[in-house]
Amino acid sequence: MHHSQINSDVRKLIADGTVLPAHPLALTAERQLDKTHQRALTRYYIDAGSGGLAVGVHTTQFAIRDVGLYRPVLELAAETAAHWTRRPLAMVAGLAGPTSQAITEARTARDIGYHAGLLSLAAMKNASEDEIIAHCTAVAAEIPLVGFYLQPAVGGVVLSSRFWQRFASIDNVIAIKIAPFNRYRTLDVLRGVAAAGALDRVALYTGNDDHILLDLMLPFDLRDKGVTTRTYFKGGLLGHWSVWTASAIQQFERCKAARNKDSVPADLLALDARVTDCNSAFFDVANNFHGCIAGCHEVLRREGLMKGLCCLDPNEGLSPGQKEEIDRVCREHADLSDDAFVAANLNKWLA
């Protein structure tokens, strides 16, 4: 599938920028798929106003592939979304593994009705740049791609600006999620996309949890041979946005409104630090992100959107002291939560 075949409203949605929560995986105490709460999560994100969903990604747990849940989880999200709303939604499927696996997943996602694939390169750690580009090109022949610069702490590969120039030159690349949690590497991607002349075709999405709001509101000036090109992040695709999503969408709209202005309100700039403080607890920064998935589960559990914290890997859970940190940010930043919104709609979503 070529990106020109995507529904025009969805294609515009991705290009203009939107909020794409990374969909978690709801499990029973026996580590089986909890369909009731999985549907509730999908309905929550839609009613919160998200522009789509990212399913089968890191937040969904890559291990779904090992237990036969990849297709069922993608199908459940797509079916739930189709029955819950008629508005256009950008459906993005996580793609992982070596080339043969990623191609198979791309075909699965495409057949279910997903519009694009978020391509993890974690399996290509020992590959050369040429080999990685060949891998990406092969997968892009199956489905439009969203690139993924994942931070090394959770399995990402360090990639050069030259790599991102070559990647952005692949015709069926429509966006890149930039999530190295590193300013220098973030600029490498922007410079690469600009050098490829692809800024009009490839939408920049932040995944930088340490500077979500700053990425979304600030201009980036890129210089080449004395010529300045100004660009912006268009949207976000974030595990952080799997929690407190309605609040996040309000923040996103404020950031969009602040773009292309001569000044940005100081209160909006300061809000970036508060969001980052919340993320430090949810994503377990103190323990090098070990509890990042369980931390999001804990926030959703407190609101009733999940029953427990179970991950497919029994070794994944909250780190020592993480619960107390989540207690702290929930208390200190309660105005950023979705507690009231969820309480008012939870029974409907669980029905």
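Checked by atom type, the side-chain pair His3/Asn172 shows no donor-acceptor distance below 3.5 Å. Between the side chains of Ser319 and Asp284, at least one donor N or O sits under 3.5 Å from an acceptor N or O.
Environment of NZ in Lys35: sparse, with no more than 12 heavy atoms of neighbouring residues, nucleotides or ligands closer than 6.0 Å. Heavy-atom contacts from other residues, nucleotides or ligands closer than 6.0 Å to CG of Asp221 number more than 12. Atom CG of Asn347 has 12 or fewer neighbouring heavy atoms from other residues, nucleotides or ligands inside a 6.0 Å radius. Within a 6.0 Å sphere centred on NE2 of His2, other residues, nucleotides and ligands contribute more than 12 heavy atoms.
The CD1 atom of Ile112 lies 4.5 Å from the CD atom of Glu75; values are rounded to the nearest 0.5 Å. Taking SG of Cys310 as the reference point, atom NE2 of His297 lies at 9.5 Å (rounded to 0.5 Å).
For Ser100, there are no side chain to side chain contact (heavy atoms under 4.5 Å, CB included) partners at least two apart in sequence or on another chain. With sequence neighbours excluded, the residues satisfying side chain to side chain contact (heavy atoms under 4.5 Å, CB included) with Thr36 are Asp34, Leu350. Among residues two or more places apart in sequence or in another chain, the side chain to side chain contact (heavy atoms under 4.5 Å, CB included) test is passed with Ser242 by Pro24, Tyr45, Thr59, Cys296.
Although no hydrogens or angles enter the test, the distance criterion places no donor-acceptor pair under 3.5 Å between the side chain of Thr18 and the main chain of Ile14. Between the side chain of Asp224 and the main chain of Val227, no donor-acceptor pair closer than 3.5 Å is present. A donor-acceptor pair is defined here as one N or O able to donate and one able to accept, closer than 3.5 Å; such a pair exists between the side chain of His83 and the backbone of Glu79. Of the possible donor and acceptor atoms, none in the side chain of Arg39 sits under 3.5 Å from a partner among the backbone N and O of Ala351. The backbone N or O of Leu216 lies less than 3.5 Å from a partner atom in the side chain of Arg259, making a donor-acceptor pair. The main-chain N or O of Gly97 is never found under 3.5 Å from a side-chain atom of Arg65 such that the two would form a donor-acceptor pair. Under the 3.5 Å distance criterion, the side-chain polar atoms of Asp338 are matched with a main-chain donor or acceptor of Thr245. Side chain of His23 to backbone of Val55: no donor-acceptor contact under 3.5 angstrom is found. The closest donor-acceptor contact from the side chain of Tyr149 to the backbone of Phe181 lies at 3.5 Å or more, if one exists at all. Judged by distance alone, with hydrogens and angles left aside, the side-chain atoms of Asp277 form no donor-acceptor pair with the main-chain N or O of Glu332 at under 3.5 Å.
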(message) Go through it in stages, so that I can follow the logic: the residues are Glu129 and Ser160, the test is side chain to side chain donor-acceptor pair (under 3.5 Å), and I'd like the CA-CA distance, side-chain angles, deciding distance and then a yes or no.
(response) CA-CA 9 Å; Glu129 182 177 296; Ser160 69; 3.3 Å; yes
(request) Just do the side chain to side chain donor-acceptor pair (under 3.5 Å) check on Asp188 and Ser161 with the steps written out, would you? (result) CA-CA 4 Å; Asp188 282 343; Ser161 179; 4.9 Å; no
(message) I'd like to know whether Thr60 forms a side-chain contact (heavy atoms from CB on, under 4.5 Å) with Leu69, so could you lay out the CA-CA distance, the side-chain angles of the two residues, the decisive distance to 0.1 Å, and finally the verdict.
(response) CA-CA 10 Å; Thr60 323; Leu69 283 178; over 6 Å; no
(message) For Gln251 and Ser247: C-alpha separation, side-chain torsions, deciding distance, then whether side chain to side chain donor-acceptor pair (under 3.5 Å) applies.
(response) CA-CA 6 Å; Gln251 296 161 19; Ser247 177; 3.2 Å; yes
(request) Step by step, work out the side chain to side chain donor-acceptor pair (under 3.5 Å) result for Asn279 and His240. (result) CA-CA 7 Å; Asn279 182 265; His240 180 88; 3.0 Å; yes
(request) Determine, stepwise, if the pair Leu53 / Leu20 fulfils side-chain contact (heavy atoms from CB on, under 4.5 Å). (result) CA-CA 5 Å; Leu53 299 168; Leu20 295 173; over 6 Å; no
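Nearest heavy-atom pair, Glu131 versus Met124, reported as atom, atom and distance to 0.1 Å: O-CE, 4.1 Å. Arg166 approaches Ile133 most closely through the heavy-atom pair CB-CD1, 3.7 Å. For Ala179 against Phe148, the heavy-atom pair with the smallest separation is CB-CE1, 4.3 Å. Of all heavy-atom pairs between Lys177 and Val146, the closest is N-CG1, 3.9 Å. Annotation for His211 and Thr276: closest pair N-OG1, 4.3 Å, computed over non-hydrogen atoms. The minimum heavy-atom distance linking Asn208 with Leu238 is given by the pair N-CD2, 4.1 Å.
Ring orientation note: the planes of Trp164 and Phe167 are nearly perpendicular, at an angle over 60° on the 30°/60° scale. Taking the six-membered ring where tryptophan is involved, the planes of Phe341 and Tyr44 are tilted, since the angle between them lies from 30° to 60°.
Evaluated for a side-chain contact (heavy atoms from CB on, under 4.5 Å) with Cys136, the options Thr99, Val173, Leu121 yield exactly one hit, Leu121. Under the side chain to side chain donor-acceptor pair (under 3.5 Å) test applied with Trp349, the options Thr42, Thr80, Asp47 reduce to a single match, Asp47.
A 4.5 Å side-chain heavy-atom check between Cys278 and Trp244 finds at least one atom pair inside the cut-off. Proximity of Leu300 to Leu41: side-chain heavy atoms (C-beta onward) are separated by under 4.5 Å at one or more points.
Ile178 and Tyr232 fall into different hydrophobic clusters, where Ile, Leu, Val, Met, Phe, Trp and Tyr are joined by side-chain heavy atoms under 4.5 Å apart, directly or via other members. The hydrophobic cluster containing Leu305 does not contain Ile293, counting ILVMFWY residues as joined when their side-chain heavy atoms lie under 4.5 angstrom apart, directly or transitively.
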